[in-house]
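Reviewing the structure listed below.
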Amino acid sequence: MSTVSEVLVVKGPQVYTISMTSTVLDAVKRMHELKIGCLVVTDDGAVPGGMITERDVLQRLATAVDDLSKITVGEVMTSEVIVCTPQDSVDRVRSIMKNAYVRQLPVVDADGHLVGLVSLGDVNSHLVREEAVEIKHLHDYIHGNVR
């Protein structure tokens with residue numbers, strides 16, 4: 001059974017973060033620059049305190065006409081963050097994402113410190129790679145290429 005740590009080996013541990021006191025405009029600019037859809041909110045760089053996603057920003061824009069340079073990330077972010085661990089199975093993470101309607105999960109160690117971020121795309125890519133390996137093994141078996 002595949003684990004999140006296997007996904008992170010391919011993807012890498014890079015996680016982009018932002019402070020709760022930063023402005024939403026700063027967050028939007030950063031996400032645009034990096035071509036990503038979310039930032040993990042953390043004031044100490046280690047423990048996730050929230051997430052700000054494209055969806056959070058759009059929901060705020062739909063309900064208010066405030067200047068994004070005057071709204072803090074803390075006012076807009078999703079504060080109830082669902083996390084996973086490197087030991088969690090890929091199937092469990094995919095199920096969490098499906099049931100909670102989220103596309104990204106911060107990965108934390110036993111102390112709750114941020115060690116990575118997995119997205120639905122990362123999980124899907126991993127599963128496609130696994131299926132390709134399985135198909136090759138089956139093909140080799142059928143054609144007598146197994147030793």
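Using a distance-only test at 3.5 Å, with no hydrogens or angles considered, no donor-acceptor pair links the side chain of Gln59 to the main chain of Asp56. The backbone N or O of Asp111 lies less than 3.5 Å from a partner atom in the side chain of Asp109, making a donor-acceptor pair. The closest donor-acceptor contact from the side chain of Asp88 to the backbone of Thr3 lies at 3.5 Å or more, if one exists at all.
Between atom CD of residue Glu54 and atom SG of residue Cys38 there is a gap of 8.5 Å, rounded to the nearest 0.5 Å.
Looking at heavy atoms from C-beta onward, Cys84 lies in side-chain contact with Val93 at the 4.5 angstrom threshold. In this structure, the side chains of Thr17 and Val41 stay at 4.5 Å or more apart for every pair of heavy atoms. Inter-residue side-chain proximity for Leu8 and Val107 is flagged as met; some heavy-atom pair is nearer than 4.5 Å.
Between Lys70 and Glu75, the shortest heavy-atom distance links the atoms O-OE2, 4.2 Å. Val90 and Leu127 make their closest contact through CG1-CD2, 4.0 Å (heavy atoms, listed as atom of the first residue, atom of the second, distance).
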Review point. Run the side-chain contact (heavy atoms from CB on, under 4.5 Å) check on Val4 and Thr85 step by step: do they pass?
Key: CA-CA 7 Å; Val4 170; Thr85 69; over 6 Å; no

Would Val47 and Leu114 count as a side-chain contact (heavy atoms from CB on, under 4.5 Å) here? Give the steps.
CA-CA 6 Å; Val47 179; Leu114 197 56; over 6 Å; no

Q: Quick one: do Val57 and Val24 satisfy side-chain contact (heavy atoms from CB on, under 4.5 Å)? Show the steps, please.
A: CA-CA 8 Å; Val57 174; Val24 173; 4.0 Å; yes

Next item on the list: Decide side-chain contact (heavy atoms from CB on, under 4.5 Å) for Arg60 and Ile71; before the verdict, give the C-alpha distance in whole Å, the side-chain angles of both, and the deciding distance to 0.1 Å.
Entry: CA-CA 10 Å; Arg60 180 57 183 244; Ile71 304 169; 3.9 Å; yes

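A single hydrophobic cluster is seen to contain both Leu34 and Val28, as judged by linkage of ILVMFWY side chains at heavy-atom distances under 4.5 Å, directly or through other members.
When each of Leu117, Val81, Val83, Ile82 is paired with Leu105, the side chain to side chain contact (heavy atoms under 4.5 Å, CB included) condition holds for Ile82 and for no other.
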Please report, to 0.1 Å, the donor-acceptor pairs under 3.5 Å made by any side chain of residues 97-104, with sequence neighbours excluded.
from  : atom 1 : to    : atom 2 : distance (Å)
Asn99 : ND2    : Ser95 : O      : 3.2
Asn99 : ND2    : Ser95 : OG     : 3.3

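Screening residues 7-16 for side chain to side chain donor-acceptor pair (under 3.5 Å) gives Lys11-Asp122 as the qualifying pairs, with residues at least two apart or on separate chains. Evaluation of the side chain to side chain donor-acceptor pair (under 3.5 Å) test over residues 20-30, restricted to residues two or more places apart or in two chains, returns Ser19-Thr21, Thr23-Asp26.
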